[in-house]
Number of protein chains: 2
Amino acid sequence: MPHKHDPFFPPPGHDHRSCASEAIAAAETICQDRGSRLTALRQRVLEAIWEGHRPLGAYDILARLNRNGGRNAPMAVYRALDFLMDHGLVHRLASRNAFIGCRHPGDDHSAQFLICDSCGSVAELASDDVHKTIGRAAAKKGFAVTSETVEITGHCPNCNPS
Amino acid sequence: MPHKHDPFFPPPGHDHRSCASEAIAAAETICQDRGSRLTALRQRVLEAIWEGHRPLGAYDILARLNRNGGRNAPMAVYRALDFLMDHGLVHRLASRNAFIGCRHPGDDHSAQFLICDSCGSVAELASDDVHKTIGRAAAKKGFAVTSETVEITGHCPNCNPS
DNA sequence: ATAATAATGTGATGTTATAACAATTCAATG
DNA sequence: CATTGAATTGTTATAACATCACATTATTAT
């Protein structure tokens, strides 16, 4: 298990091939479990997303799909992204209109995203403490939470070596 | 001081005129303090936003500006919104691509938004607890926070009378 | 083989936001 | 008051993000 304890923000030189291949493998498992099909198109979209740890816009993904003469339309990408999000394989960052691969798919997690202003990397926090604190604060105001968008910008440890 | 203790989610029948006029008055004060000009255009945009407690898209605001034969362009609205956001009078909801009036301008607050799925109302939480919890969770991962986007959906007390 | 369902192809369109440059208004100064 | 520099607004075009609607193809179950 080479990457089970990857650093939270993988440093510039890390062996990214493993990140990507692990993500694809996990996706295959999850789709099988759910009786869904990880088609070639969907897999190519997922692979494009996993080219790095930075979020990609839908049209960035499209450009990668069509790099070698492909003729896909935006709709194809959005449909694949919807599928991947339904399966918890990809998240959308509302503050960026961009998409990022999920680092712990399968887990039923509440996600908070840490977005580095400097290198653009995104890490996925799954802090139950944050989740619960939000729930409590909302409840105090009589508000019953159904979903949370938490996106934090700042400087990651690779860019902020303090 | 008629509205200093407005309910967090103002109920359907509340005297909204006061909400709006208080917001405009506060805006005038803040602009004076900062030596900025709350021009007619900017004020009209702010008034449009304060027609209610639901977020409005930029083009919704534009439609209101142009209701009576106006000929404003989108750019005018976006520029006014930029000004109002710079002055802490308006917030943008990233998850909705929409804008909402700030309920406590002037205060230096970290904002979290509660968005009702049912009636569309938005309330602005300013929970220091949430803010600090996020900061701690991020710090544990070596991440230094500079900004936070926290947008929660669910059911407000007016729609969820439990 | 067939029929039902799922997935993809395709073109048009809708929605949100910004770029670039011109014209106007405002406010400070001599 | 006239001038001038800065701020604001006007205007046109375009970029960036996302969905609709309908046709076609592929997959699966029977």
Side-chain angles (χ1 to χ4, degrees), chain A residues 27-28 30-49 54-66 68-87 89-100 115 120 149 151, chain B residues 27-28 30-49 54-66 69-87 89-100 120 149 151:
Chain A
E28 282 168 348
I30 284 166
C31 287
Q32 259 178 8
D33 289 357
R34 292 201 19 188
S36 301
R37 296 168 52 219
L38 186 62
T39 62
L41 178 63
R42 289 164 178 169
Q43 181 165 337
R44 274 184 288 139
V45 168
L46 188 59
E47 283 166 356
I49 283 178
R54 289 158 211 243
L56 290 183
Y59 282 74
D60 295 331
I61 294 167
L62 182 61
R64 282 165 170 72
L65 280 192
N66 289 345
N68 301 313
R71 296 236 172 280
N72 296 282
M75 202 59 234
V77 172
Y78 282 106
R79 284 196 283 229
L81 288 169
D82 284 344
F83 173 90
L84 295 169
M85 287 191 290
D86 279 350
H87 288 73
L89 300 168
V90 162
H91 295 289
R92 179 171 189 275
L93 298 182
S95 63
R96 300 295 172 109
N97 297 328
F99 302 85
I100 185 89
I115 306 168
T149 296
E151 301 176 14
Chain B
E28 282 168 347
I30 283 166
C31 287
Q32 259 178 8
D33 290 356
R34 293 201 21 186
S36 303
R37 298 169 50 219
L38 186 62
T39 62
L41 178 62
R42 290 164 177 170
Q43 180 164 338
R44 274 184 288 139
V45 169
L46 188 59
E47 284 166 355
I49 283 177
R54 291 157 209 243
L56 290 183
Y59 283 76
D60 295 331
I61 294 167
L62 182 62
R64 281 164 170 74
L65 280 192
N66 288 345
R71 296 235 172 281
N72 296 284
M75 207 52 238
V77 172
Y78 282 105
R79 283 196 283 228
L81 288 169
D82 284 345
F83 173 91
L84 295 169
M85 287 191 291
D86 279 349
H87 288 73
L89 300 167
V90 162
H91 296 289
R92 180 170 188 276
L93 299 182
S95 64
R96 299 295 173 108
N97 297 328
F99 301 86
I100 185 89
T149 296
E151 301 176 14

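Proteins get letters first, then strands, A, B, ... in listed order; numbering begins at 1 in each. No hydrogens, no waters, no symmetry mates; every other heavy atom, side chains included, goes into these values.
- B:R54 meets the side-chain contact (heavy atoms from CB on, under 4.5 Å) test with no other residue; sequence neighbours excluded.
- Distance CG/A:N72 to CG/A:N66: 4.5 Å, rounded to 0.5 Å.
- In this structure, the CG atom of A:N97 is 8 Å from the P atom of C:dA17, given to the nearest Å.
- Residues that satisfy the side chain to side chain donor-acceptor pair (under 3.5 Å) test with B:R64, not counting sequence neighbours, are B:E51.
- As a whole-Å value, the separation of B:D82 CG from C:dT16 P is 16 Å.
- The CG-C1' distance, from A:D60 to D:dA16, rounds to 10 Å in whole Å.
- In this structure, B:I61 atom CD1 and C:dT16 atom P are separated by 11 Å, rounded to whole Å.
- Computed from coordinates, the B:L62 CG to C:dT16 P distance equals 11 Å when rounded to whole Å.
- Shown here are the ring-ring contact (aromatic ring centres under 6.0 Å, His included) partners of A:H87, two or more places apart in sequence or in another chain: A:F83.
- When the P atom of D:dA16 is taken as reference, atom CG of A:L56 falls 15 Å away, rounded to whole Å.
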Nucleotide by nucleotide, nucleotides 5-13 of chain C touches protein heavy atoms under 4.0 Å in the pattern (B base, S sugar-phosphate only, - none) --SBBB---
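- Regarding B:L81, its CG atom lies at a distance of 10 Å from the P atom of C:dT18, rounded to whole Å.
- Among pairs with a residue in residues 74-85 of chain B, none fulfils side chain to side chain donor-acceptor pair (under 3.5 Å), at least two apart in sequence or across chains.
- With sequence neighbours excluded, the residues that form a side-chain contact (heavy atoms from CB on, under 4.5 Å) with B:Q43 are B:I24, B:E28, B:L38, B:E47.
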